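Worksheet: one structure, shown below.
Remember, it's a predicted structure, so these values are computed and weren't measured experimentally.
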Amino acid sequence: MKIAVVLALITLAEIAIYYIPALASLLIPLLVAFSFAKFMLVILWFMHLRFDSRIFTRLFAAGLLLTLTVFILMLLTFFLRGGPAPTPPGIT
Amino acid sequence: MSAAHPPAEHPHTSTGLDNAKLAMWAFLGSECLFFGSFISTYLLYRNVTGDGPTSADLYDIPYTSISSFVLLMSSLTMVLALSSVQNGDRRAMRIWLMATAFLGLTFIGGQVFEFTTFVEEGLTLSTSAFGSSFFVLTGFHGAHVTIGILMLLGLTVMSSFGRLGPDDSRPVEVVGLYWHFVDIVWIVIFTVIYLIPSG
Amino acid sequence: MAAFALSACSTDTPQSVLQPQGEFARKADALWDITFAIAIAVFVVVQGLLLYAIFRYRHKPGREAAQFHGNTRLEIAMTIIPALILLGLAVPTVATVFDLAAEPTGADVIHISVEGRQFWWRYDYTDLDIVTANELHIPTGQPIDLSIEGYDVNHSFWVPRLGGTQDVVPGRTSRLTLEADDPGTYLGQCKEFCGLSHSNMNLRVIAHDPGDFEQWVSDQQEPAAAPSDSLAAEGAELFVNGAADAQFAGGPSCASCHAIEGLDGAVGIIGPNLTHFAARNTFAGAIFQNNESNLRAWLANPPERKPGSQMPNLQLTTGQIDALVAYLQTLE
Amino acid sequence: MATAVAPQQGGLFARPTAKTGWWSWMTTVDHKKIGILYGVTAFFFFIVGGVEALLIRAQLATPNGEVLSPAVYNQLFTMHGLTMIFFVVIPMGTALMNFLLPLMIGARDVAFPRLNAFSYWVFLSAGLFMYSAFLLGGAPDGGWFGYAPLSLDPVTDGMTYYSLGLQIAGIASLAGAINFIVTIINMRAPGMTLMRMPVFVWMTLITSFLLLFAVPVIGVALWELMFDRLFGANFFDPAAGADPLLWQHLFWLFGHPEVYIMILPAMGIVSEVLPAFSRKPLFGYPAIVFSGAAIAFMGWGVWAHHMFAAGLGPVANSAFALSTMFIAVPTGVKIFNWIGTIWGGSVRLTTPFLFSAGFVSMFIIGGLSGVTHSIVPHDAQQTDTYYVVGHLHYVLFGGSIFGLFSGIYYWWPKVFGRLLSEKIGKFHFLLMLVGFNLTFMPFHILGLLGMPRRQYYFPANRGFEVWNLLASIGAFTIAVSILVFLYNVAVSRKKGEAAGADPWDARTLEWMTTSPPPEHNFDAIPVVRHRDDFWYRKYITTPEGESARVFAGGAASDEEQHSSEAASDEPPSSSAEGASDREPNTAGAAPPESSSEERPHAGASAEEQGHGIHLPSPSYFPLLTAAGMPVIGYGFIYSPILLAAGAVMLLVGAFGWVLEPPAEEA
């Protein structure tokens, strides 16, 4: 129950900072941090990873970390050279 | 499943862990890559809007926040359902399962409404790469929620016909894992897709 | 292995990557020579060990297998030695990667925009105001800066003796540098599968001495000559307006796809620019010699001669073909 | 899922009970039967893919070949690649895994028997679905790599079949991978710690993890392709500002791990076969295991080396060149360890051993040519030429297929109870080795001479003629060698030597039980005390480091042609009986006495132990559920009605699956 209250509060905070202009420069890091917090709360408590076998944690973490690594690398190969197909062709 | 013969006892396993639960966690690990691919596609294309509307034109943050909150709360009811059955209260479990399914349905209803609005404002699957990646990513998430709802209703029905077994919380726990996962995927989608403004 | 030596000596292998004829192909080849030598050495040692072990330790009555599970020192050595060899390869590789990627600079560098299309190549000499197809003319002894542009599907530009490969990706512009040591014709081909006539998407690079290249450039910059005789004039008329008969009229004319500088109304951009068509040795993805009989066969039914060709069968009559061929052959 | 319920007799959800006949094969959930189904199906597709290859080689035997039209040629090379990868090498590995995995870890079945059956039927559906495209307007023709935007080309439905068919095959792989992972983690016999597992089991585990993580990536790419083709989405259409390179990234993010998915099981087989016939433990077991894991892990960081010519820029190219080079290190470790395994052994040159040695030998070549690809500037010359085709066949044919044949010869007696002929087998090996090198060595030369791949003809006068002709002759030699294998199978079925439980004097648990194994695998689950446990039940290691057979009387001997009772306390005296230290290729060897031994009825022997061995009953629902998938596929292409029908099949199948009773009284 406590976890649920925390989750609700974080969501409220997320929306709040979206509308506070003073925090504009911090917006993305803050949002990512909040999102990460919610993510961890759900998997650790709601999905019992905190109390359950380490094997489950490893299975899930393997997929999650692989996803992060591989797709960050992939997106880097695009954005280091200016994003997707920067010169759309005129003719099809 | 393998050793599911009466009397129902936990089958012997090398690790002492339940097979179905282990399978579900492995599947969720796999799902990370699935949604990771779609989210990466979206991140690549979020500004490729062509002549169509952009995310800034479309997103209604308060609206989506509410539906996100609904989905988040459905995780709570799912936890309550599991703890009910673990305490032996199957009636309470069914109520909480129904509540979870109801919240899920509310979320799906919200998504259908959102999609309709976007289409009216001129964003369809074929408007732009942004449109394609948005609809397919959120659509696949919606499909996951829908499958979750079907499983929740299935559990409820089976429980009322006494086909879940007397003390058996395993199916509820396994479906619960799936449900929570779908929820955390939405946490990521809500933050990365809706909240972080496109630059 | 003798086969490799053989192929390196033979002279009738115009697309061999083992016979570089230019600076950029030579850099790749130099790396290959090192790598190949190391690979052969490793192959001989490892394969030798394997065969030796099998025959030395084959079963004979009375032989007992020694029961050991491993040897930590040996295993560590087996990990470190290959890693060191690879490190030795990595350094020149990375250096060459950056070397080849560097954009050539200088006032005399020729910039050409290369576009791969189904199934031919379009070259636009951006500074010289020349557009041509399939046959790329370059001067010898200087780097040519190619900007590789996509159009319809993926292709890949490749002239093995002069330089590496660059994929053509629609929506993207990439670079490739070529250089030829000596005058001559160098063959190349589209390398990325691009549909029915992928095999028919050839290209040629024709390298000239710098003086000859100047001459070629000034020839190309001239507009097409006016048709000299009446048959050719009829062909030019047909080219722009199509024929008056039922099949051709109102449909596409040659000029809806092809441009000819100096011929009013011929400004199409879908097919190759034909301003100096008769000066080319080959046509249609450099697969046909540019002569009258090939040209006639081509005009009679392009998709049959080159499957999947974007140029449709226009149901031309023999008379129309006569006129068009006569005109095209005036386009020196 | 299905949990304890009072068994309901009859009715809608009654489970089938057939133990023999074709219906029993349709409804089986026995991992051994499913393994055989996988093997037979994969071999069928091997023949089909092989015929496609022969047609291609017939076309390319001479310059300007006119055997095939370009449209047909493009379909054939596409389907050859898809077939060999998705419907031959992977499922052939799965066949062996299915049959052997539970036996090797001392389990009665996999963790989810019905899911296992489901995987098979989905795999079969995917294959039939893909091939039905030939009859329905044209097979996929955009290459197995399906590069967009060419794969968006709407001329035929071929690439729609590609996007849906591979998706279905992916579901099969994913279900199988999850099943194997859970089985290996959870179903090991007592004492079977991870580091006591046979290497084949390790490689299965690693392969399954690769599939688990790689399949969703290609799944997403295929969904996106399907949405582009069918519903006008813009994932890969450059006209809408989309970047076709996204397809290449997603495809190779899957495609490179896929290479290891195909080679690691073969590496596992070799790591079983070499020790068995060298009569030595595997050299450097931990190194082999960890290098396998390292290859799998590093395999995720090298995908862009398939895109060196795509214009990623020098930084990305250098980074991927480095990661590619260093993946050669763990691969090299494996090769050295295999040589170390043979070193000092007492090597019996049996057919399985020869195929394994052939694997190592050919894989050295494939590995070295792989290293040459990482030299980016020269890769720019090799890429998309026959050099690459040569390399990949040295890895996938010289590697995977040789390894799989090694496994087939090695485990054939376990699966069918009869040995394959050694004489014919060795002939098969020789012919295949010669044919293979004759086919694919010239490919390297052709590539260096500048012949691009995926060409429906090659022109004369470019120096390609001789090598192409040699390659075509080689291809037909391989075909003959496959006929020799089929002849061997036919001979073995009729008059093959009875195998007994342990014809090779092998090391791992599957040889403890009868050949073929009983439905419940082991009368009593063995307790594992060693790596290569079965070996240490038969032999002790003397203080001099040599092995000595353990007799009932305690005497040790290295003589052949005797049978002995294994020194084992569990199961008491029965299972290892008939283990004979006999070379099947020494002609005239007496058939082991165990071949005629009758095993006690499964139930009876189990009753003696005081536990009923309850194996799950067969089930209709995996088949029904799986059959819904291609129907959905056709629905996407042709009609919403079919789509609905497929969805109904899927749902009914799933509900039946959940609701059927766990077992039926036989």
Looking at C:C190 and D:Q455, what are the two nearest heavy atoms and their distance?
O-NE2, 4.0 Å
Closest-packed option against chain C by number of heavy-atom pairs under 4.5 Å, given D:R454, D:R531, D:M325, D:H378:
D:H378
Side chain, backbone, both or neither: which part of C:V97 has a non-hydrogen atom closer than 4.5 Å to chain D?
both
For D:D141, is it the side chain, the backbone, both or neither that has a heavy atom under 4.5 Å from a heavy atom of chain C?
backbone
D:V315 side chain reached by C:F98 side chain, heavy atoms, under 4.5 Å:
yes
Interface moiety of D:W247 toward chain C, non-hydrogen atoms closer than 4.5 Å:
neither
Using a 4.5 Å cut-off on heavy atoms from C-beta on, say whether the side chain of D:S374 contacts that of C:T93.
no
Under 4.5 Å from a heavy atom of chain D, the part of C:T35 involved
side chain
Heavy-atom pairs under 4.5 Å with chain D: which of C:I80, C:L74, C:T79 has the most?
C:T79
Taking side chain as everything from C-beta outward and backbone as N, CA, C, O, which of these in D:Y73 sits under 4.5 Å from a heavy atom of chain C? Side chain, backbone, both or neither.
neither
Could you tell me which portion of C:K191 (side chain, backbone, both or neither) has an atom closer than 4.5 angstrom to a non-hydrogen atom of chain D?
both
dist D:F336:CZ -> C:L50:CG (nearest 0.5 Å) comes out at 11.5 Å
Per-residue tally against chain D (heavy atom, under 4.5 Å) across C:R175, C:Q118, C:M78, C:R58 peaks at C:M78
Find the one option among C:K27, C:K60, C:Q166 whose heavy-atom pairs under 4.5 Å with chain D are most numerous.
C:Q166
Identify which of C:I81, C:I85, C:I148, C:L87 forms the greatest number of heavy-atom pairs closer than 4.5 Å to chain D.
C:L87
Part of C:A30 within contact of chain D (heavy atom distance under 4.5 Å)
neither
Looking at D:S291, D:G311, D:P275, D:A309, which makes the most heavy-atom pairs under 4.5 Å with chain C?
D:A309
If you tally heavy-atom pairs under 4.5 Å against chain C, which of D:P459, D:P452, D:S151 wins?
D:P452
Please flag which part of C:S199 lies under 4.5 Å from any non-hydrogen atom of chain D: side chain, backbone, both or neither.
both
C:E192 versus chain D, the contacting section by heavy-atom distance below 4.5 Å
both
Indicate yes or no for a side-chain donor-acceptor contact from C:Q67 to the backbone of D:R279 under 3.5 Å, with no hydrogens or angles considered.
yes
Contact class of D:F145 relative to chain C, heavy atoms under 4.5 angstrom:
side chain
How about C:Y52 and D:I339: do any of their side-chain heavy atoms sit closer than 4.5 Å?
no
Looking only at D:V329, D:L150, D:I365, D:V333, the option with the highest number of non-hydrogen pairs under 4.5 Å against chain C is D:L150
Compute the ring centroids of D:W144 and C:F193, then answer whether they are less than 6.0 Å apart.
no
Which bit of D:V155 comes within less than 4.5 Å of chain C, counting heavy atoms only: side chain, backbone, both or neither?
neither
For the backbone of C:T165 and the side chain of D:Q381, can you confirm whether one donor and one acceptor N or O come within less than 3.5 Å of each other?
no
Counting heavy-atom pairs closer than 4.5 Å to chain C, which one of D:P281, D:P70, D:G340 comes out on top?
D:P281
Heavy-atom cut-off 4.5 Å, strictly under: side chain, backbone, both or neither for D:A319 against chain C?
neither
About how many Å separate CG of D:L449 and CD of C:Q19, when rounded to the nearest 0.5 Å?
8.0 Å
Looking only at heavy atoms and a cut-off of under 4.5 Å, which of D:N317, D:N337, D:D153 has the most pairs with chain C?
D:N337
Heavy-atom pairs under 4.5 Å with chain D - which of C:L176, C:I287, C:L89, C:D99 has more of them than the others?
C:L89
Before giving the answer on side chain to side chain contact (heavy atoms under 4.5 Å, CB included), spell out for C:V17 and D:Y387 the whole-Å C-alpha distance, their side-chain angles and the decisive distance to 0.1 Å.
CA-CA 11 Å; C:V17 304; D:Y387 188 88; over 6 Å; no
Residue selection (most heavy-atom pairs with chain D, distance under 4.5 Å) from C:P82, C:S174, C:A39
C:A39
Contact part of D:F363 toward chain C, heavy-atom cut-off under 4.5 Å: side chain, backbone, both or neither?
neither
Can you give me the closest heavy-atom contact between D:G450 and C:Q189, atom names plus distance?
O-OE1, 4.2 Å
Given a strict heavy-atom distance threshold of 4.5 Å, which part of C:A101 is in contact with chain D: side chain, backbone, both, or neither?
side chain
Work out which heavy atom in C:P170 is nearest to a heavy atom in D:P244; give both atom names and the distance.
O-CD, 3.5 Å
Chain C contact via D:S278 - side chain, backbone, both or neither, heavy atoms under 4.5 Å
backbone
D:I335, part contacting chain C, at a heavy-atom distance under 4.5 Å
side chain
Any chance you could measure D:I342, atom CD1, to C:L51, atom CG, to the nearest 0.5 Å?
9.0 Å
Could you go through the side chain to side chain contact (heavy atoms under 4.5 Å, CB included) check for C:L196 and D:Y456 one step at a time?
CA-CA 9 Å; C:L196 271 186; D:Y456 74 89; over 6 Å; no
If we only count heavy atoms from C-beta on, is the C:W158 to D:D384 side-chain gap below 4.5 Å?
no
Nearest-0.5 Å distance that lies between atom CG in C:N154 and atom CG in D:L245:
7.5 Å
Is any side-chain heavy atom of D:I375 closer than 4.5 Å to a side-chain heavy atom of C:W32?
no
Could you tell me whether D:N64 atom CG has more than 12 heavy atoms of other residues or ligands within 6.0 Å of it?
yes
Donor-acceptor under 3.5 Å (D:S318 side chain, C:V94 main chain)
no
Pick one of side chain, backbone, both or neither for D:Q382, based on which atoms fall under 4.5 Å of a heavy atom in chain C.
both
Under 4.5 Å to a heavy atom of chain C? For D:F458 that would be neither
What part of C:F157 is in contact with chain D, defined as an atom under 4.5 angstrom from a non-hydrogen atom: side chain, backbone, both or neither?
neither
Evaluate the side chain to side chain contact (heavy atoms under 4.5 Å, CB included) criterion for residues C:N71 and D:F283: first the C-alpha distance (whole Å), next the side-chain angles of each, then the deciding distance (0.1 Å), finally the verdict.
CA-CA 8 Å; C:N71 179 328; D:F283 184 90; 3.9 Å; yes
If you apply the rule side chain to side chain contact (heavy atoms under 4.5 Å, CB included), what do you find for D:N74 with C:H198, and how did you get there?
CA-CA 10 Å; D:N74 290 347; C:H198 169 50; over 6 Å; no
With the side chain counted from C-beta on, respond yes when C:F43 and D:I364 share a heavy-atom pair under 4.5 Å apart, and no when they do not.
yes
